[in-house]
Every structure is written in structure tokens, then in C-alpha cells.
Amino acid sequence: MPEGPSIVILREETAQFSGHKILRVEGNSKVDLNRLLGQTVRSLRSWGKHFLIELEDASVRIHLLLFGSYRIDERKEATPRLSLGFDNGELNFYGCSVELIEEPLEQRYDWRTDIMSEQWDAGRALEKLQGMPGTLACDAILDQQIFAGAGNIFKNEVLFRIKVHPMTKLGALPAAKLQELVTETHQYAFDFLKWKKAFVLKQHWQAHRQGTCPRCQIPLVKAKLGLTNRQSYFCEGCQKRYIASDD
DNA sequence: TGGTTTGTTGCAGC
DNA sequence: AGCTGCAACAAACC
């Protein structure tokens, strides 16, 4: 469920509720759900992996984390974390993080950082990356302050596409490769969206959870690298580990 | 069958 | 003080 393109799909699937009043609220979320009752949905938005329900005097922020799920006009057996009833259907969330945002969304979120947004600013991302030469490539792609919406699949697929070893420091990358890292992360987001909608996302994985390099036909390396302890899949044959001059 | 995992936070321990 | 690593959450997938 949870990477940026999946949240865009969630936003599209729930568009029917925009402009409708919340007639019923239930759920085991710790936030005060009563205050949502009677409010009209101003807009349904997303920022990175965040799904945002903008109401009249607050917004609800849903983060599906790793295992979260949702149902539209149907229910699962489990108790919903948040269930919203409208005059034209219902929206149920399970196993997710729910938070209330009191301030205006424009104040909280910078959509230039969201890889799925029309306001995505590649130049700004590049500047941020240039300012952190010691950061590993595998950590940079997971940084939500730079690529909001990118996750572990992105990390593995983008580094494979641009033929960069996950342990390469940004400062060691040639300028053109750093630029490629930005453009391919953005490009992969829309490939992900297209393939997920067609139910063929996994078929297009070249490195993530794969055993053999499709370019070199040698075994891929599987290792937990970087600050995040997330699994990396990469090819030691074709993904180059650039070395900085001061290393 | 059960280990793994599209994620993040908070806290214990050092 | 600031880091690291783990628990917690909770469920589909191979």
C-alpha cells in the first residue's frame, strides 16, 4: 500500500467523498474523533505517503505505514482505526496512524518536495543533495524531506536504473549522475503509478526482491545497508561504487 | 509454514 | 548529548 503512488490511487478512489459531510465517525484511533462529525470534506489530498482529509477547522492525516489498509463502501473483519460515513458511502482505514492537523495544510506541507505533485521541484531536490556530500545514495532516496513519497522499492529500482551502488556517497557522484538520481526517482514514481494501476508493478521489478541481475545475469546482492536498516538489492557487476577523492 | 516486508516513531541503553 | 538498535504496530505475500 504505502508508497507515494499508492496514496495517489487512494486519493483518486476516494474522490466521491469530496464536498460531502461526515455523518458518522467510528474507530479505535486515539484522536478525538467526535470533532470530525458534521464537518464537510473540503478536499482530499496527498503529500508523499500522507493521505490528507481537509475539513473545515482541521485536517486528518492518515499514514498507512507498512501494513495499513483501507476499504471504500465495504468493511474488513478488524475494527477500523477510523471509519467515516457519508451520504454517498463510507471510508474505512485499518492499522494506520491517524493524526489531526490543526494548522492550514499549506503551512504544514511543502508540495515542492512531493514527487507526485505538480509542484515537484527537481532543482530544489538537486540542491539539497548537493548540500549533503557524505550521505549514502541508498539513504538519500529514502529521505522524505527530499523525495516525499519514495520508499524502499524506489531505492532499489532507481539505483539499479542509474547503475549506482547503494553505498556510493553523494559527494562522489558525477554531477550528471546526481541529476539522474533526481530525474529517475521522479520518473519511477509515475512508472510505479501506471504499473500499479494495471496490476503489473511486481512484474517490472528489476532489482527489488529479485535474485538475478537482468543485465549481467549474475546473482544480485541482498544486504541491509545505510542508516535505515532496510533491505537493498543491487548488482555488483553493473552498479558502480563511486569513490570520493577524500575517501 | 512462517519469515519477510511498499514505514515511522519513540525509547532504552550506551 | 547524541547515537544506535529494537519494539511496536498488524497483515498480505511467497
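Hydrogens, waters and symmetry mates play no part in the numbers below; they use all other heavy atoms, side chains included. Every chain is numbered from 1, with letters handed out A, B, ... down the list of sequences.
- Distance CD1 (A/Ile62) to C1' (B/dG7): 15 Å, rounded to an integer number of Å.
- Taking atom CD of residue A/Glu99 and atom P of nucleotide B/dG7, one finds them 18 Å apart after rounding to whole Å.
- Comparing atom distances between the A/Pro2 side chain and each of B/dT6, C/dC9, C/dT4 picks out B/dT6 as nearest.
- A/Gln210 places no side-chain N or O within 3.5 Å of a backbone atom of A/Gln206 that could act as its donor or acceptor partner.
- Between the NE2 atom of A/His63 and the P atom of C/dA10 there is a distance of 15 Å, given to the nearest Å.
- Between the CZ atom of A/Arg230 and the P atom of B/dT8 there is a distance of 8 Å, rounded to whole Å.
- Not one side-chain nitrogen or oxygen of A/Tyr70 sits closer than 4.0 Å to the OP1 or OP2 atom of C/dA11.
- As judged by a 4.0 angstrom heavy-atom cut-off over every strand, A/Tyr188 is placed among residues making no nucleic acid contact.
- Ion pairing of A/Asp110 with A/Arg124 is present here, as a side-chain N (NZ or NE/NH1/NH2) and a carboxylate O approach within less than 4.0 Å.
- Using a cutoff of 4.0 Å between basic side-chain nitrogens and carboxylate oxygens, A/Arg35 and A/Asp57 are scored as salt-bridged.
- If you take NZ of A/Lys30 and C1' of C/dA8, they are 10 Å apart, rounded to a whole angstrom.
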Checklist entry - Checking side chain to side chain contact (heavy atoms under 4.5 Å, CB included) for the pair A/Ile146/A/Met132: CA distance, chi angles, key distance, verdict? => result CA-CA 11 Å; A/Ile146 302 172; A/Met132 42 202 286; 3.6 Å; yes

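- Listed candidates were B/dT6, C/dA11, B/dT8. Nearest to the side chain of A/Leu66 is B/dT6.
- For B/dT5, the OP1/OP2 oxygens have a side-chain nitrogen or oxygen of A/Gln231 closer than 4.0 Å.
- On the P atoms, B/dT4 is 14 Å away from C/dC6, given to the nearest whole Å.
- Here the nucleotide nearest the side chain of A/Lys222, chosen from B/dT5, C/dA11, B/dG7, is B/dT5.
- Each of A/Lys202 and A/Cys96 lies near DNA chain C, and the nucleotide nearest A/Cys96 is the one positioned closer to the 5' end.
- Summarising the geometry, the separation between CG on A/Asn229 and P on B/dG10 is reported as 19 Å, rounded to the nearest angstrom.
- A salt bridge between A/Glu90 and A/Arg75 is present, with a side-chain N of the basic residue lying under 4.0 Å from a carboxylate O of the acidic one.
- Every residue two or more places apart in sequence or in another chain that forms a ring-ring contact (aromatic ring centres under 6.0 Å, His included) with A/His186 is listed here: A/Trp120, A/Phe190.
- Using a 4.0 Å heavy-atom cutoff across all strands shown, A/Lys155 reaches no nucleic acid atom at all.
- Atom-to-atom, CG of A/Asn92 to C1' of C/dA10 comes out at 17 Å; the value is rounded to the nearest Å.
- Nearest nucleotide to the A/Arg81 side chain, out of C/dA10, C/dA12, C/dC9: C/dA10.
- Counting only Watson-Crick and G-U wobble pairs whose two distances sit under 3.5 Å, DNA chain B takes part in these stems of three or more pairs: B:2-5 with C:11-14, B:7-14 with C:2-9.
- Counting to the nearest Å, the P atom of C/dC14 and the CD atom of A/Gln210 are 12 Å from each other.
- Along DNA chain B, the nucleotide nearest to A/Arg209 and the one nearest to A/Arg61 differ in position, and the one closer to the 5' end is contacted by A/Arg209.
- Here A/Arg24 pairs with A/Glu26 in a salt bridge; the nearest charged N to carboxylate O distance falls below 4.0 Å.
- Rounded to whole Å, the separation between the C1' atoms of C/dC9 and B/dT1 comes to 23 Å.
- With C/dA10, C/dT4, B/dG7 as the choices, the nucleotide that has an atom nearest any side-chain atom of A/Lys49 turns out to be B/dG7.
- Both the sub-6.0 Å distance and the 45° axial angle are not jointly satisfied by A/Arg61 relative to the ring of A/Trp47.
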